[in-house]
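Step one of this worksheet: look at the structure below.
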Amino acid sequence: MRTLVYFVASTLDGFIAAPDGSFDFLPLEPDVAPYLVAEWPQTLPTFAHAQLGVPSPPAGRFDTVLMGRGAYEPGLSIGATSPYAHLKQYVFSRSLAPADHPDVEVVAGDPVAFVRDLKARPGGDIWLCGGGQLAGQLLDEVDELVVKLNPVVVGSGIPLVERGFAPSRFTLTSARPFDAGVVVLRYTR
């Protein structure tokens, strides 16, 4: 069975984006970039591969990426209609017209049922890119949580997981600190 991995950048106070969806306050730190290129190249946008020295398509564990509409829209604002062209891309939205977004598959149905079906199919692991609402709906399906924790506090924004109070326990399996103050924390169920 395939594994669903929520790999996301976060602030110390648990936000993955500003209230408007922007995330430019979470830069790719110079000492973190080589690690991401070596260990998580498939989580880097296709358009950045040449600049970062990532072979395209990059090798790795993922063959699929899941995005909420809010996670997909920043790419659209810069003309990236297929931000992760090296992966099968699913965007969960009830308002995007599939015909207007031919480079991705728009999913309007229940994310949980969709992911359970996807996990049962043959293939590589599945990367949950974000955002907070989609992560909240899929948290019980997440097998691995990888948080690139940034040394910044923002006070409000889009939370790591948006849902009602429902504790969900994970076990820390590794922590990788960087000089810039970033720590990559890896958890499993």
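Sequential numbering from 1 along the given sequence is applied to the chain's residues.
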Polar contact flag, side-chain donor to acceptor under 3.5 angstrom, Y84-W127: no
Spatial distance of atom [atom1] ([X]) from atom [atom2] ([Y]) [nearest 0.5 Å]:
X	Y	atom1	atom2	value
L66	L128	CG	CG	6.0 Å
R163	L138	CZ	CG	10.0 Å
L87	I126	CG	CD1	11.5 Å
L160	L145	CG	CG	6.0 Å
Q133	R69	CD	CZ	11.5 Å
F178	L149	CZ	CG	12.0 Å

Taking the side chain from [X] and the backbone from [Y], do they hold a donor-acceptor pair closer than 3.5 Å?
X	Y	value
N150	T11	no
D31	D179	yes
S93	S95	yes

Transitive ILVMFWY side-chain link [X] to [Y], under 4.5 Å:
X	Y	value
V184	F170	no
Y187	L139	yes
F7	V37	yes
V153	V161	yes
L26	L185	no

Indicate the atoms forming the closest heavy-atom contact of [X] with [Y], along with that distance.
X	Y	result
A59	P41	O-CG, 3.5 Å
G132	I158	N-CG2, 3.9 Å
S10	V147	CB-CG1, 3.7 Å
F25	P27	O-CD, 3.1 Å
P111	Q137	CG-OE1, 3.2 Å
P45	H86	C-CE1, 4.4 Å

Any non-hydrogen side-chain atom of [X] less than 4.5 Å from a side-chain atom of [Y]?
X	Y	value
P83	M67	yes
P74	S22	no
F62	V5	yes

side-chain contact (heavy atoms from CB on, under 4.5 Å) assessment of V183 paired with R176: CA-CA 5 Å; V183 179; R176 171 68 163 86; 6.0 Å; no
I78: hydrophobic cluster co-members (side-chain, 4.5 Å): F47
Heavy atoms from other residues, nucleotides or ligands near CZ of F23 exceed 12 (cutoff 6.0 Å): no
Q89, CD atom: more than 12 neighbouring heavy atoms under 6.0 Å: yes
Aromatic plane relationship, F92 with F114 - under 30° parallel, 30 to 60° tilted, over 60° perpendicular: perpendicular
Residue pairs passing the salt bridge (charged side-chain N to carboxylate O under 4.0 Å, His left out) test where at least one lies in residues 114-135, sequence neighbours excluded: R61-D125, R116-E141, D117-R121, K119-D143
Could you list the donor-acceptor pairs under 3.5 angstrom formed by side chains in residues 99-108, with sequence neighbours left out?
| from | atom 1 | to | atom 2 | distance (Å) |
| --- | --- | --- | --- | --- |
| H101 | ND1 | Y72 | OH | 3.3 |
| D103 | OD2 | T81 | OG1 | 2.6 |
| E105 | OE1 | K88 | NZ | 3.3 |

Of R2, R186, R189, the residue whose pairing with E144 passes salt bridge (charged side-chain N to carboxylate O under 4.0 Å, His left out): R186
